[in-house]
Amino acid sequence: MTTVLGCIADDFTGATDLAGLLARSGVRVSLRIGVPSEPPADPAAFEVIALKSRTAPVAEAVAETRKALQWLRAAGAQRFFWKYCSTFDSTAEGNIGPVAEALMAELGTDQTIYCPAFPENGRSIFMGNLFVGQQPLAESPMKDHPLTPMRDSNLMRLLTPQVTKAVGLADRLAVAQGAAALREKLAAMKADGVAHVVVDAVANEDLAVIAEACRDMPLMTGGSAVAMPLPALYLADGTLSADAPKAEAPKLGAGTIVLSGSCSAMTNKQVADYTSRGVPAFQLDPLSLAENGPQKALDWLAQQDLDKAPLIYATANPESVRAAQEKLGVAGAGEIVEATLSACAVAARDRGARRVIVAGGETSGAVTKALGVSQLDIGTEIAPGVPWTYCQSGGQQIALTLKSGNFGSETFFTDAQERLAS
Ligand code: ADP
């Protein structure tokens, strides 16, 4: 299989979000954590490389992205997608603009589009201004983000200091005229030397028009949503053959482990729902872990029947979290919990768990690393933005789902198990 679309995302959850939307098409989507050290052996039609470049120094972000591009080209890709946050998380230095310009230079193209809109999730662009729900970006909570405070809502103004070439706008009126007219508009702007085009989108229909108009650009950039129509477009005209490999669920043993290190409001509800069903559960206490280490949890795990899908959790209410953080520090408490859940994941796998459910963004990063997972095939969607994934860990094929913070409904842990069974 040759890769049809090579995607580069500036963080891990952004990459899973994009990969999940592409996988709705049923075509095989592969997600790589970092640029693989080996050349592509069995590339998927859609390859997504997750970088950690959102807030990295510009030169580092550009260098990592170039490496990712090289790998995707080796996989056969001729079209590329640069995925960043739907709130355009960046500073006056970058990294959205500099990375896009570096990719354009490598690809020898002199125009790309910027469309971070995700209408279903309340991100829309009108007259070049980005809205979060009904609020302009600069009035949304993003204005106080610790690393990338967004103090302007106008994407042209945000992008201009980040790039060397001209920035322009294809507004909603242009998009409303359809794909052919939008393509003409972009060509006219290109003739005028406009390299960077912000494109308005307030609804899914706009994204469909934009994707159709831009589907053959060497480089598109945006949030995940504008890429969602691409698989169907590529299938319709044969760019992607109808017999392209489908995402396939492997046959797996029933052994399951649920690990929760998220303390978000929704995860607290999910843990309460799951424990109320009488499932075997063990609660981690960061203070006792700091004193006695993880052995008690590991001993408990060793006694469990994994077919009952036991739960190990540090999930706690805000007061308990604060109490632990006061004694151990925020980072200290976090690390001790992450290390314990990681050790439990490895122990459970070694005892036969083949279905691993993890709650918590940081927790997921730690567990994935401990399990030695660097490539995931995207499988069935459990909740919006949270798919099952299939990967290799310790020589075993396993299914892994990584749920950050507030994703999923109250019954997520049982939903996940039911989705995989079907
Ligand atoms: P979320 O996706 O909900 O933000 P994360 O896993 O990213 O979840 O972050 C939760 C952090 O809180 C992790 O570093 C985790 O180790 C830590 N943590 C979990 N339980 C506790 C607890 N009881 N006390 C203090 N910190 C905790």
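These values consider heavy atoms only, across backbone and side chains, with no hydrogens, waters or symmetry-generated copies. In listed order, ligands and their atoms are each counted from 1. Positions are given from 1, in the same order as the sequence printed here. This is a predicted model, so every value here is computed, not measured.
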### Task
Answer yes or no: is there a donor N or O on one side and an acceptor on the other, between the side chain of D200 and the main chain of M127, under 3.5 Å?
yes
### Message
Strictly distance-based, threshold 3.5 Å: is any side-chain N or O of N129 a donor or acceptor partner for the main-chain N or O of P136?
### Response
no
[X] [atom1] to [Y] [atom2] distance, which is reported to the nearest 0.5 Å:
X	Y	atom1	atom2	value
R157	R151	CZ	CZ	15.0 Å
I336	L328	CD1	CG	6.0 Å
W71	L69	CH2	CG	12.0 Å
I257	I312	CD1	CD1	4.5 Å
S25	L240	OG	CG	7.5 Å

### Task
Please step through salt bridge (Lys or Arg N to Asp or Glu O under 4.0 Å) for the pair R24 and E381, ending with a clear verdict.
CA-CA 8 Å; R24 283 184 185 173; E381 204 168 20; 3.3 Å; yes
Does the pair [X]/[Y] count as a salt bridge with the N-to-O cut at 4.0 Å?
X	Y	answer
E47	R32	yes
K403	D415	no
R277	D273	yes

Quick one: which ligand 1 atoms are inside 4.0 Å of a heavy atom on [X]?
X	answer
A324	24 (N)
V337	16 (O), 19 (C)
A333	25 (C), 26 (N)
G361	1 (P), 2 (O), 5 (P), 6 (O), 7 (O), 8 (O)
A316	23 (N)
S404	2 (O)
V321	24 (N), 25 (C)

### Query
How does P286 reach ligand 1, by side chain, by backbone, by both or by neither, if only non-hydrogen atoms under 4.0 Å count?
side chain
### Residue part near ligand 1, for A314, under 4.0 Å between non-hydrogen atoms
both
Closest protein heavy atom to [atom], given as residue, atom name and distance to 0.1 Å:
atom	answer
atom 13 (C) of ligand 1	E338 OE2, 3.4 Å
atom 7 (O) of ligand 1	E362 N, 2.6 Å
atom 8 (O) of ligand 1	G360 CA, 3.4 Å
atom 16 (O) of ligand 1	G334 O, 2.9 Å
atom 6 (O) of ligand 1	T363 OG1, 2.6 Å
atom 15 (C) of ligand 1	G261 O, 3.4 Å

### 4.0 Å heavy-atom contact, T267 with ligand 1
no
### Query
Contact between C263 and ligand 1, counting heavy atoms under 4.0 Å?
yes
### Task
Kindly assign one of parallel, tilted or perpendicular to the pair F88 and Y114, based on the angle between their ring planes and the thresholds 30° and 60°.
perpendicular
### Sub-3.5 Å N/O-N/O distance, S262 and ligand 1
yes
### Query
How about atom 4 (O) of ligand 1: does it have a protein heavy atom within less than 4.0 Å?
no
